[in-house]
Amino acid sequence: MTETTSTASAGSRRPLVVRTPDELRRATATAGRTALVPTMGALHEGHRSLMRIARERADTVVVSVFVNPLQFGPGEDFERYPRDLDADTEVCAQESVDIVFAPATETMYPAEQMVTVDAGAMGGRLEGASRPGHFTGVLTVVAKLFHLVRPDLAVFGEKDAQQIALVRRMVADLDIPVEIVGAPILRDPDGLASSSRNVYLSDPERVSARALSRALAAGREAAPGGAAAVRTAALAVLEGAAQADPPVELDYLALVDPATFTEAPDGHRGAAVLAVAARVGATRLIDNTSITL
Ligand code: AMP
């Protein structure tokens, strides 16, 4: 892609911002090898790391910015989710992204009673149990983005471990010809996983929230003792954090098989994911780490 706009800022080439499938199709007509980075905007260092991986692997990098109503449950933060397309476009410019696809909700979901992608049994576990319908919403929008952008590869963060596992399942089960590339979790200097939702945290809430990454680190250190030792070590940190002010209210801590997200039995050997979800104040946070047992 060589397209630029007249607003190009010094040192960074502005990406082309497209809003509709037709504009997108025209913009990608001669794109060559294409990488897609799906996001909900409010772009941070974690998103940047995905863009860099995409940039290294493709001729054209497309970043989608779409706060997907289908993956939010009633009472969740869809309305207050941070939105700033100008700031996001600037981040994309700095990361040499070619195209920002930022469709309107009505463009993505014109039909009232639409067909969706069923996330199956894995989609009902952990995050899916806490947020019913969440992964149907995620997989439906990801499938649409794959069909609209037709990327050769798509980059997803391991921050959302169950999401990337389900996307891998979907492309395998539905024969979608796209390579899924995983990106390591990017953390802020205090250990908290970078997230668009971190802006919701007050200073004291942020201090309490550090317990999530500390619990995962404690679990990882206990790996030589086996699955039960990992769970016990991580829970000990979270039990302490439940007494903090403000408290960390645990939703789940689970040690699971990375391919299915079913609980790893006590004798489990090999790869596992230690995943945590908790609420600090009004903010729900998730984090995870890979562990070899
Ligand atoms: P979101 O905008 O939160 O839907 O995230 C868009 C993509 O960025 C997803 O693939 C996330 O897993 C990924 N992502 C978000 N935060 C991080 C992070 N801290 N490290 C790595 N990837 C991330």
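Just so it is clear, the model here is predicted, and its values are computed rather than measured. Counting starts at 1 for both ligands and their atoms, in listed order.
- Ranking the protein heavy atoms by distance from atom 20 (N) of ligand 1 puts L186 N, 2.8 Å first.
- Given atom 4 (O) of ligand 1, the protein heavy atom at minimum distance is M40 CG, 3.6 Å.
- Every atom of ligand 1 with a heavy atom of I185 under 4.0 Å away is listed here by number and element: 20 (N), 21 (C).
- Residue F156 has at least one heavy-atom neighbour below 4.0 Å for each of these atoms of ligand 1: 10 (O).
- Summary of contacts: the protein heavy atom closest to atom 1 (P) of ligand 1 is H47 NE2, 3.6 Å.
- Among all protein heavy atoms, the one lying closest to atom 10 (O) of ligand 1 is G157 N, 2.9 Å.
- Side-chain polar atoms of Y81 and E76 form no donor-acceptor pair below 3.5 angstrom.
- Counting heavy atoms from C-beta on, the side chains of T39 and F66 never come closer than 4.5 Å.
- A salt bridge links R206 and D190; the closest N-O separation between the charged side-chain nitrogens and carboxylate oxygens is under 4.0 Å.
- Y109 is connected to F146 through a chain of hydrophobic side-chain contacts under 4.5 Å among Ile, Leu, Val, Met, Phe, Trp and Tyr, so both are in one cluster.
- Looking only at side-chain heavy atoms (C-beta outward), I291 and V273 stay at 4.5 Å or farther from each other.
- The environment of CZ in R187 is crowded: more than 12 heavy-atom neighbours from other residues, nucleotides or ligands sit within 6.0 Å.
- Taking the centre and axis of the six-membered ring of F135, the NZ or CZ atom of R125 falls outside the cone set by 45° and 6.0 Å.
- Within the structure, the closest approach of H44 to ligand 1 falls below 4.0 Å when heavy atoms are considered.
- Using a 4.0 angstrom heavy-atom cutoff, P38 counts as in contact with ligand 1.
- A donor-acceptor pair is defined here as one N or O able to donate and one able to accept, closer than 3.5 Å; such a pair exists between the side chain of R55 and the backbone of D59.
- Using a 4.0 Å cut-off to heavy atoms of K159, the atoms of ligand 1 that qualify are 16 (N), 17 (C), 18 (C), 23 (C).
- Residue contacts with ligand 1, taken as heavy atom pairs separated by less than 4.0 Å, involve L50 solely via side-chain atoms from C-beta onward.
- Atoms of ligand 1 lying under 4.0 Å from at least one heavy atom of P184, given by number and element, are 20 (N), 21 (C).
- Shown in contact with T39 at under 4.0 Å from a heavy atom are these atoms of ligand 1, numbered in order with element: 2 (O), 6 (C).
- Side-chain contact of R131 with Q71: a donor-acceptor pair under 3.5 Å is absent, judged by distance alone.
- Among protein heavy atoms, atom 11 (C) of ligand 1 sits closest to D160 OD2, 3.0 Å.
- For ligand 1 and S194, the ligand atoms under 4.0 Å from any heavy atom of the residue are 16 (N), 17 (C), 18 (C), 19 (N).
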